[in-house]
Enquirer: 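Below is a structure I'd like to ask you about.
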Amino acid sequence: VQLQASGGGLVQAGASLSLSCVASGRADSDFVMGWFRQAPGKERKFLAYIDLSSGSTYIADSVEGRFTITGNNGRSTVALQMNSLKPDDTAAYYCAAKGTDLPWTGYIPPEDYDYWGQGTLVTVSS
């Protein structure tokens, strides 16, 4: 399974940006697809995930209210809508997927994801 993320760019503070990620390749299970970000010199941080089969979502407290995750199970895609962006949101954003045959709830640590896409860079200027 390969993940392809896109949609990053340079925006001003207060702007919105939408990231997309497409999963391709053969899979033997449904997916939970999530987003993480990593700023220079910092650890990778969880942002949100969506269980593509059930539609349930889990969003980090740090971005809840500003970021929304949506997904399309039939197309194996996930999107991250980011509003009211701040300079602190500047980072490389990564999508990830975890195969699962059961509905998923609760936090999933990054080491439990099976596949990762390349990062897409988001830069928010002040």
Enquirer: Following the transitive rule for hydrophobic clusters with a side-chain heavy-atom cut-off under 4.5 Å over Ile, Leu, Val, Met, Phe, Trp and Tyr, establish whether Val1 and Ile108 coincide in one cluster.
Expert: no
Enquirer: When rounded to the nearest 0.5 angstrom, what is the spacing between CG in Leu19 and CD in Gln81?
Expert: 9.0 Å
Enquirer: With side chain to side chain contact (heavy atoms under 4.5 Å, CB included) as the criterion, how do Met82 and Tyr93 come out once you've worked through the C-alpha distance, each side chain's angles and the decisive distance to 0.1 Å?
Expert: CA-CA 11 Å; Met82 305 183 293; Tyr93 284 69; 3.6 Å; yes
Enquirer: Begin from the C-alpha positions of Thr100 and Asp30 and carry the test side-chain hydrogen bond (donor to acceptor under 3.5 Å, both in side chains) through to its verdict.
Expert: CA-CA 5 Å; Thr100 180; Asp30 292 326; over 6 Å; no
Enquirer: Could you tell me whether the side chain of Met33 reaches within less than 4.5 Å of the side chain of Leu3, counting heavy atoms only?
Expert: yes
Enquirer: Starting from the C-alpha separation in whole Å, work towards a yes-or-no answer on side chain to side chain contact (heavy atoms under 4.5 Å, CB included) for Tyr58 and Phe46.
Expert: CA-CA 10 Å; Tyr58 189 89; Phe46 167 78; 3.6 Å; yes
Enquirer: Check Thr70 against Ile50 and note the closest heavy-atom contact, atom names and distance.
Expert: C-CD1, 3.8 Å
Enquirer: Can Leu80 be reached from Val32 by stepping across I, L, V, M, F, W or Y side chains whose heavy atoms are under 4.5 Å apart?
Expert: no
Enquirer: Test your reading of the model: is there a side-chain donor-acceptor pair from Asp51 to the backbone of Trp104, 3.5 Å cut-off?
Expert: yes
Enquirer: Can any side-chain N or O of Tyr49 pair as donor or acceptor with the backbone N or O of Gly106 at less than 3.5 Å?
Expert: yes
Enquirer: Which distance, rounded to the nearest 0.5 Å, do you find between the CZ of Arg37 and the CZ of Arg44?
Expert: 13.0 Å
Enquirer: Tell me the closest heavy-atom pair linking Ser16 and Asn83, and the distance in Å.
Expert: OG-OD1, 2.9 Å
Enquirer: Write out all pairs satisfying side chain to side chain donor-acceptor pair (under 3.5 Å) with one or both partners inside residues 110-125, taking only residues at least two apart or from two chains.
Expert: none
Enquirer: Please round to the nearest 0.5 Å and tell me the distance separating atom CG of Leu121 and atom CG of Leu10.
Expert: 9.0 Å
Enquirer: Under the side-chain contact (heavy atoms from CB on, under 4.5 Å) test, which residues partner Thr105, sequence neighbours left out?
Expert: none
Enquirer: Please check if the distance between the ring centroids of Phe36 and Tyr94 is under 6.0 Å.
Expert: no
Enquirer: Using residues 59-67 as the side-chain source, report each donor-acceptor pair under 3.5 Å to any protein atom, sequence neighbours left out, with the distance given to one decimal.
Expert:
residue: Arg66; atom: NH1; partner: Ser84; partner atom: O; Å: 3.0
residue: Arg66; atom: NH1; partner: Asp89; partner atom: OD2; Å: 2.8
residue: Arg66; atom: NH2; partner: Asp89; partner atom: OD1; Å: 3.0
residue: Arg66; atom: NH2; partner: Asp89; partner atom: OD2; Å: 3.4

Enquirer: Do you know which two heavy atoms are closest between Ala13 and Ser126, and how far apart they sit?
Expert: CB-CA, 4.4 Å
Enquirer: Indicate yes or no: at least one non-hydrogen side-chain atom of Thr77 is less than 4.5 angstrom from one of Asn72.
Expert: yes
